[in-house]
Amino acid sequence: MRQPVDRARRSAPRRAFLASLGCAKNLVDSEVMLGRLAGDGWEITAQASDADAVIVNTCAFIDPAKAESTDTILEYAAAKREGQRLIVAGCLAQRYGPQLRELIPEIDAIVGTGAFPKIPEIMREADAGLRPLHLEDRDAYVERLGFLPRVVTTHKATAYLKISEGCNHTCPFYIIPALRGVGKSRTIASLVAEAQALAKGGAKELVLVAQDSSDYGRDIELKDGLARLIEALEDVDGIRWIRILYLYPTSVTPAIVAAMRASSKVVPYVDMPLQHAHPDILRAMHRPPQPERYLELLASLRDALPSATIRSTFIVGFPSESEAHFNALLNFLERAQLDRVGFFAYSREEGTRACDAPEQIPERTKKRRLTLAREVQRRISDAIEETRIGERVDILIEGKRLLAPSSALRELGLGRLSAVGRSQREAPGVDGLVYLPGEYPVGEFVAAHIVGHTEFDRAASALEPAAAR
Ligand code: SF4
């Protein structure tokens, strides 16, 4: 049964709850909305049931992401209390705002990808019963990003830094320009200012995110922009690790690789979505059709960053992918020896060119190829992980976890309660965690060595156990 908002709390600050879906770039936008609301007198709550306003920051990447966003909106709409506001923001809002507002009467406001900082004003419009729809251009937002307050929702020692918004590529399977516009880079000055503020707030690891990080700066006429940015961030006190996500194979220049190698803070971690490894499919994806060049690039990155962890993603079942194309992808995996790989089955996205392409691949074939590709890579990743047993690593502590008696990690010498963190080899949210016995403060770096691994996580032993510190 829907309960009315507690009237006795009327004079107390209003409370906002935010559910952030999708990628790390969207999380930054969520944190900006929370920062703007906190500055406007709102309290942030972790309980939707306790909130005067529930904000769902949505994703519209592929069908499962859209379904998750829609289900989340419907869940909060069903639980909505009298007087509570339901605000839908982000990529799904940008794409389907008018339809969502019409179909779900509980929605009080729509906040597109250019309107995040306007959230306090939008709340007032919602209070006035206007059911506002804000689908503004996002350029003005990107320009203000470094100067807007943010409530960092990660564990403070790690913070994301969004270096640009939108994308200049025309992938026929993703509608990102329709959601976030063409590439728009932030200035180095604004990024350094934000990095300093994040470091002051406790960040020790900065994770640089963009749709294509290696393309950073091109639209603002910065030559080798990412290299210049790496150099500028080198001087930010308090930051020990800088991790760069989403490099694009053809925009990684020698200057960028040299800057990564020269930096004392950039970790040897390469995240480069390659998407396929057969020229025909790469061409159909509007990507450089030269898998041999990809292998050369991987070799040069390994040369420049010895012991680099390399992560990629691939799509199987893209329209017209034959068994021969797919086998070429499996063969590439064997040759590339990537540390970690994410696989996706191609999903038809309304409004993209590939959606209407002939020769769509049956779902059961996509599923079979997905399973097979994962099996091949699991064997490769396992073998690489085995070589790392005994390796000395620094672990940035994120917290602690209770392990179930059945957990495979218990067989690696871990007790019921373990500290968890990540080494330079693990990016937050995608690469699993490192578990080690004992308890350590969040944000501390602990020297350890790796003692074993499961499919997703690693177990380590501290060089100086917690009890002895
Ligand atoms: S940018 Fe892409 S992945 Fe990120 S929230 Fe939007 S649709 Fe999802």
Side-chain angles (χ1 to χ4, degrees), residues 18-34 55-73 87-97 99-100 110-117 119 134-139 141-142 145 150 153-154 159-186 207-216 244-248 271-273 275 285 311-315 342-352 354-355 427-430:
L18 191 148
S20 194
L21 306 172
C23 63
K25 293 161 288 225
N26 215 33
L27 181 65
V28 171
D29 300 326
S30 295
E31 294 177 349
V32 166
M33 283 195 280
L34 292 177
I55 305 162
V56 184
N57 197 13
T58 57
C59 173
F61 176 40
I62 50 176
D63 280 348
K66 286 186 209 159
E68 186 193 8
S69 292
T70 313
D71 289 350
T72 309
I73 297 166
I87 314 293
V88 176
C91 291
L92 195 77
Q94 181 72 29
R95 186 149 192 225
Y96 300 109
Q99 296 93 318
L100 286 167
I110 295 285
V111 184
T113 52
F116 299 117
I119 188 75
H134 283 266
L135 301 177
E136 287 87 342
D137 184 88
R138 89 284 177 250
D139 281 10
Y141 165 49
V142 180
L145 238 180
R150 255 173 82 183
T153 54
T154 45
Y160 291 99
L161 189 62
K162 179 150 68 168
I163 64 176
S164 66
E165 181 65 283
C167 191
N168 290 318
H169 299 289
T170 52
C171 298
F173 49 88
Y174 189 19
I175 47 151
I176 184 71
L179 304 175
R180 302 255 168 183
V182 293
K184 167 96 181 141
S185 300
R186 294 174 55 193
V207 183
L208 273 47
V209 289
Q211 217 61 40
D212 172 0
S213 295
S214 34
D215 198 39
Y216 166 76
I244 305 166
L245 301 186
Y246 316 123
L247 298 171
Y248 193 87
D271 170 60
M272 191 161 59
Q275 312 302 25
M285 288 177 161
R311 178 180 182 85
S312 190
T313 54
F314 293 91
I315 296 172
F343 295 97
F344 299 92
Y346 168 72
S347 159
R348 290 180 84 169
E349 290 313 307
E350 181 195 4
T352 63
C355 181
V430 284

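In each ligand, atom 1 is the first atom listed, and ligand 1 is the first ligand listed.
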Does the S185 side chain pair with the main chain of S164, one donor and one acceptor, at a distance under 3.5 Å?
no
CZ on R150 to CG on L161, rounded to 0.5 Å
7.0 Å
Using a strict 4.0 Å threshold on nitrogen-to-oxygen distance, state whether E165 and R180 make a salt bridge.
yes
Report yes or no: is the cationic atom of K66 (NZ for Lys, CZ for Arg) under 6.0 Å from the centre of the six-membered ring of Y96, at an angle within 45° of the ring normal?
no
Sphere of radius 2.8 Å around atom 8 (Fe) of ligand 1 - protein N, O or S atoms inside:
C59 SG
Side-chain (N57) to main-chain (N26) donor-acceptor, under 3.5 angstrom
yes
Please list the nearest protein heavy atom to atom 2 (Fe) of ligand 1 with its residue and the distance rounded to 0.1 Å.
Y174 OH, 2.0 Å
Are side-chain N/O atoms of S20 and S30 paired as donor and acceptor at under 3.5 Å?
yes
